[in-house]
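As structure tokens, the structure follows; a few thoughts come after it.
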Amino acid sequence: TPDVAEYALGLGDDALILAQQLGWWISRAPELEEDVALGNIALDLLGHARSLLHYAGTASGRSEDDLAYFRDESEFRSVWLVEQPNGDFAVTIVRQLLASVYFAHLYDRLRQSSDPTLAAIAEKSRREIEYHVDHATQWVLRLAGGTEESRRRTVTAVTDLWPYLDELFVDHPLIDRLDGIAVRPSTLYAATMAELTATLGEAGLEVPNGPIAAGGGRQGRHFPTLGPLLAEMQVLARAHPGASW
Amino acid sequence: TPDVAEYALGLGDDALILAQQLGWWISRAPELEEDVALGNIALDLLGHARSLLHYAGTASGRSEDDLAYFRDESEFRSVWLVEQPNGDFAVTIVRQLLASVYFAHLYDRLRQSSDPTLAAIAEKSRREIEYHVDHATQWVLRLAGGTEESRRRTVTAVTDLWPYLDELFVDHPLIDRLDGIAVRPSTLYAATMAELTATLGEAGLEVPNGPIAAGGGRQGRHFPTLGPLLAEMQVLARAHPGASW
Amino acid sequence: MAHNETTPDEAQFDDLIARDERIEPRDWMPDAYRRTLVRQISQHAHSEIIGMQPEANWITRAPSLKRKAILMAKVQDEAGHGLYLYSAAQTLGATRDDMTEALIAGRARYSSIFNYPTPTWADMGAIGWLVDGAAICNQVPLCRASYGPYARAMVRICKEESFHQRQGFEILLELMRGTPAQQRMAQDAVDRWYWPALQMFGPPDDESPNSAQSMAWNIKRFSNDELRQRFVGMLVPQAEALGVTLPDPELRYDEANGCYAMSPIDWTEFHEVLAGRGPMNAERLRRRREAHENGAWVREAATAYAAKQATATREAA
Amino acid sequence: MAHNETTPDEAQFDDLIARDERIEPRDWMPDAYRRTLVRQISQHAHSEIIGMQPEANWITRAPSLKRKAILMAKVQDEAGHGLYLYSAAQTLGATRDDMTEALIAGRARYSSIFNYPTPTWADMGAIGWLVDGAAICNQVPLCRASYGPYARAMVRICKEESFHQRQGFEILLELMRGTPAQQRMAQDAVDRWYWPALQMFGPPDDESPNSAQSMAWNIKRFSNDELRQRFVGMLVPQAEALGVTLPDPELRYDEANGCYAMSPIDWTEFHEVLAGRGPMNAERLRRRREAHENGAWVREAATAYAAKQATATREAA
């Protein structure tokens with residue numbers, strides 16, 4: 001149904017935008033091991049995105065590439081957290097922590113979806129995301145507990161990204177129409193926050209208490225950097241409409 | 001003639017790409033005075049670009065916007081120096097120094113072009129570029145003579161940008177067909193280098209002796225970052241072909 | 001000196017105000033007047049500086065070179081306004097470092113309108129037309145503010161702002177004359193900016209207790225609601241000329257009362273944004289902080305170089 | 001010990017080489033053998049690492065999600081190859097820090113082919129088909145190189161490289177089956193990469209004096225010209241299948257000599273690029289240095305954290 005497609009689109013866009021951003025690091029990471037690790041994570045996310053967009057497109061006869069390359073900014077459904085620019089390695093890692101912990105809880109629950117395709121995608125993705133959580137957690141511990149500089153950068157990254165967590169738990173109207181199919185975002189709040197708080201605690205970091213950003217990605221309202229990101233991502237495909245690659 | 005148009009296109013693209021890059025700094029400069037100063041320089045360069053592209057387009061019935069927004073990367077004619085990314089403030093300033101000193105000598109000579117339009121554009125641009133040279137020179141002196149960090153960054157910027165100077169003095173075949181109209185690039189070498197060497201000397205900086213990049217912008221071969229820059233610059237115009245703004 | 005007695009300084013100040021003349025930096029002024037002005041002027045400066053961001057977002061993507069030039073010049077003007085206003089505040093003893101520090105630390109306010117995003121090019125038109133339009137209504141009376149340096153800064157600023165407003169109108173006009181997609185883009189932007197622009201005049205008069213003192217000091221000249229009415233009166237014929245619909249079905253001219261009737265303003269979102277929960281609050285401050293921190297080594301270099309030059313000059317003398 | 005006498009170590013080494021067996025890290029080996037290997041393996045590692053850049057240039061712009069995934073995986077594989085090769089070099093006593101330092105300082109070589117730019121998507125195809133193809137011809141014999149860790153690393157690498165070559169071929173095939181613009185893009189990329197790929201085998205045999213010792217040590221197995229012939233022999237039928245023209249009008253199979261006749265290779269550009277005057281030499285090193293410097297604080301943090309953890313573990317014990 002269009003509602004299921006819209007739901008899959010949101011999850012798919014989250015994975016796609018995050019994969020696109022992580023892809024930038026391959027050849028630019030702090031050490032070769034991280035070129036490999038971030039590359040793996042980007043590939044996993046791109047895989048999730050492809051499954052979800054493929055599924056989302058079936059309702060309207062569109063391919064994963066139609067959806068990835070030929071939608072405009074306002075038609076994307078990603079949340080602002082994944083749209084946050086890479087920043088330094090600390091920002092990328094903290095963004096990974098927040099996003100992966102959320103995805104882990106989300107996909108864990110989505111396995112019980114009454115929609116078998118969503119349940120299957122969730123089952124497969126969940127195992128990969130566990131590794132993502134572990135990777136981000138280990139790095140947050142290292143960066144927060146490493147040097148003075150790495151700690152300062154990590155604190156800044158946590159402060160700057162925390163405002164975008166809130167949006168992940170908003171129950172927009174679509175969710176009401178997908179009872180038993182979608183996971184109600186607000187029901188993920190407690191577990192996600194408990195895990196994040198525990199990780200920050202282990203790293204000796206404080207949970208920020210600053211502003212909250214309203215977001216609005218699921219309604220097509222996006223963070224300003226999404227526009228240029230899409231311009232770059234879509235430029236070649238759009239220069240050759242109808243071409244096959 | 002198409003040759004004059006091609007020549008104007010090269011100069012116009014240099015100004016356009018540099019203006020596009022400087023525009024990024026407005027709202028991000030180290031102090032408000034520099035938001036204003038870099039904004040002024042960007043506006044001057046954009047003015048030069050518009051005059052030159054307008055003129056270049058008359059031969060083929062294309063507008064400045066047709067040329068700026070609807071050419072692909074390989075149709076651009078800018079040199080690699082102006083295509084170098086902004087980097088930090090030192091890179092931007094050193095890029096400005098190298099480009100502005102070159103432009104100053106070029107436009108000074110272009111005033112004697114037998115093509116009256118090029119001569120008039122050169123006359124007008126030259127005065128503005130004198131200010132650009134002065135702005136960049138003052139900053140290079142400050143940065144090189146300021147703190148240890150600013151000096152280190154300036155040395156790195158000079159080293160990294162110097163390879164792209166060489167391309168500016170290459171006499172490609174087009175020039176042979178524009179005797180009396182175009183300025184022969186190789187004839188600008190001595191004066192440009194003398195001025196740059198003097199400025200670096202005053203700043204206590206060494207003239208680099210490292211690799212030289214072959215370039216090839218006038219033949220449509222570009223630095224890798226030009227593609228994404230154009231993707232962003234052109235995205236809106238291309239999403240609405242034929243629209244007026 | 002008894003509590004209610006007026007000193008000669010106070011008397012002179014009161015006299016200047018009564019005659020609607022200018023207070024200058026050398027003049028004595030009450031502490032509260034000085035504090036009010038510093039707060040207002042620095043808040044205005046910060047609004048100009050933060051206000052660069054929503055528009056800078058489109059400099060690299062402006063859809064024609066002419067529009068790119070106009071937009072660059074506009075955002076650059078805003079930096080210039082920030083500079084004028086900082087200078088005016090400095091005549092009252094405030095320092096630029098302190099004001100910048102307060103902004104970055106989130107202690108200083110700036111106009112809440114800049115906490116909204118600019119997802120489309122039409123936002124460049126809507127900001128010019130509606131936000132700059134509202135700013136002008138607010139600011140034109142400030143050209144007659146009692147504090148001289150502030151009033152003079154506002155004269156320059158208002159001149160440029162009305163230019164910006166016309167440019168915003170022209171952007172929307174071009175879109176409304178364009179393709180259906182461009183028209184939709186324009187209407188959508190007007191829909192998003194209309195109510196926030198009306199909210200720029202502040203709460204209704206009966207909920208705005210601080211205004212009275214500012215009016216008595218000739219800093220403020222008209223009430224929030226008076227200015228809002230004036231703004232709507234300006235918009236209505238312009239919206240007709242553009243062919244856009246103002247998103248208020250109740251809006252009509254009330255002949256009997258000689259003013260516009262409008263739907264009640266929903267202040268919920270305004271208060272959310274004011275409380276730091278708008279879409280862009282966090283990002284606006286983050287990015288200002290980033291520019292400031294990334295520029296620190298440059299400012300330090302300039303200071304160190306100037307000091308070395310001064311020493312060299314002294315030693316040569 | 002007289003000058004020409006063979007020690008037992010030397011005898012054992014010579015014997016292993018003569019029987020074409022593997023030298024392992026614990027075995028004695030001549031200094032020159034060790035130095036040659038360290039130079040060759042680290043140069044190969046650096047080629048993998050620098051070689052990530054021309055392709056990483058298109059990760060963000062890959063024209064389909066499938067191609068994006070394949071390209072990401074490929075560039076990531078190259079990082080993995082860099083790691084295997086560093087490990088192999090480390091068994092010879094080289095340190096990763098020293099090798100990295102030499103690369104960034106411009107003292108270490110890497111394959112000159114990566115100093116060319118990748119202006120179009122078709123370059124992803126041409127690099128896979130031609131550059132990886134040439135690399136495989138060079139590298140397959142190295143799977144039997146006499147030094148064990150190197151040979152084993154090459155086995156893994158070659159397996160992945162042949163995968164990459166096929167993917168490159170597929171990219172070009174898809175383009176050649178596509179629109180005229182796609183076909184032009186593919187042919188243009190082949191035109192640009194063909195000669196540099198042939199140059200990857202190094203100078204003609206009669207100008208390659210260093211090869212003899214490497215062949216005697218069973219590090220190198222075939223001469224430059226032999227490998228080049230083998231490569232061209234592989235390309236010709238594939239070019240036909242693709243429908244692209246190899247940019248050598250003289251190229252034809254010479255039945256009489258049983259080999260391909262081709263135009264003389266113009267080594268001028270090759271030597272220019274080798275001398276640091278290629279299009280991308282400066283940028284490749286600049287960007288590697290930038291990644292290394294930007295990552296310094298991360299590596300320092302990891303080291304500091306590991307040290308603290310080790311201390312904590314010791315104290316707890």
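Computed from a predicted model, the values in this text were never measured in an experiment. To find a chain, count down the sequence lines: A is the first, B the second, and so on, and within it residues start at 1.
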Looking at chain C, which one of B:S63, B:G145, B:A237 has the largest number of heavy-atom pairs inside 4.5 Å, strictly under? B:G145
Just wondering, more than 12 heavy atoms not from C:R109 lying within 6.0 Å of its CZ? no
Compare every heavy atom of B:H240 with every heavy atom of C:A181, then report the nearest pair and how far apart it is. CB-CE1, 3.9 Å
Which atoms of C:M176 come close to chain B, meaning under 4.5 Å heavy atom to heavy atom: side chain ones, backbone ones, both, or neither? neither
Side chain / backbone / both / neither for C:L83 at chain B, heavy atoms under 4.5 Å: both
Counting heavy-atom pairs under 4.5 Å with chain C, the top scorer among B:L16, B:I93, B:L46 is B:L46
Part of B:Y69 within contact of chain C (heavy atom distance under 4.5 Å): side chain
Taking atom CD as the centre, does C:Q309 end up with more than 12 heavy-atom neighbours from other residues, nucleotides or ligands that are less than 6.0 angstrom away? yes
Consider only side-chain N and O atoms of B:E232 and C:T60, and report whether a donor and an acceptor are under 3.5 Å apart. yes
Ion pair check, C:K68 and B:E64, cut-off under 4.0 Å: no
Cut-off 4.5 Å, heavy atoms of chain C, and the answer for B:R153 is side chain
Please classify the contact of C:R177 with chain B as side chain, backbone, both or neither, using a heavy-atom distance under 4.5 Å. neither
Select one option (side chain, backbone, both, neither) describing which atoms of B:L32 are under 4.5 Å from chain C's heavy atoms. both
Contact origin within B:L141 toward chain C - heavy atom pairs under 4.5 Å: both
Applying a strict 4.5 Å limit to non-hydrogen atoms, the region of C:R61 in contact with chain B is both
Cut-off 3.5 Å, side chains only: do C:R287 and B:S27 have a donor facing an acceptor? yes
For B:R50 and C:A69, the nearest pair of non-hydrogen atoms, with its separation, is NH1-CB, 4.1 Å
To the nearest 0.5 Å, how far apart are CD in B:Q138 and OH in C:Y305? 6.5 Å
Between B:L38 and chain C, which part of the residue has a heavy atom less than 4.5 Å away: side chain, backbone, both or neither? neither
Identify which part of B:V36 has an atom lying under 4.5 Å from any heavy atom of chain C, answering side chain, backbone, both or neither. both
Looking only at heavy atoms, what is the nearest atom pair of B:L143 and C:A301, with distance? CD2-CB, 4.0 Å
Counting only non-hydrogen atoms closer than 4.5 Å, does B:W25 touch chain C with its backbone (N, CA, C, O), its side chain (CB onward), both, or neither? neither
Region of B:A90 that comes under 4.5 Å of a non-hydrogen atom in chain C: both
Identify which of C:M72, C:E290, C:M52 forms the greatest number of heavy-atom pairs closer than 4.5 Å to chain B. C:M72
Pick one: which of C:L175, C:I171, C:L65 meets side-chain contact (heavy atoms from CB on, under 4.5 Å) with B:W245? C:L175
Which region of C:I50, side chain (C-beta onward) or backbone (N, CA, C, O), has a non-hydrogen atom less than 4.5 Å from a non-hydrogen atom of chain B, or is it both or neither? neither
What heavy-atom pair brings B:L43 and C:Q76 nearest, and what distance separates the two atoms? CD1-OE1, 3.7 Å
Between C:E300, C:Q53, C:K308, which shows the greatest number of heavy-atom pairs under 4.5 Å with chain B? C:K308
Tell me whether the count of non-hydrogen atoms from other residues, nucleotides or ligands lying under 6.0 Å of NE2 in B:H54 goes above 12. no
What are the two closest heavy atoms between C:R299 and B:P30, and how far apart are they? NH1-O, 2.7 Å
Under 4.5 Å from any heavy atom of chain C - which part of B:A68: side chain
Can you tell me which portion of B:E33 sits under 4.5 Å from chain C's heavy atoms? Options are side chain, backbone, both or neither. both
Report yes if some heavy atom in the side chain of B:F89 is under 4.5 Å from a heavy atom in the side chain of C:N294; otherwise report no. no
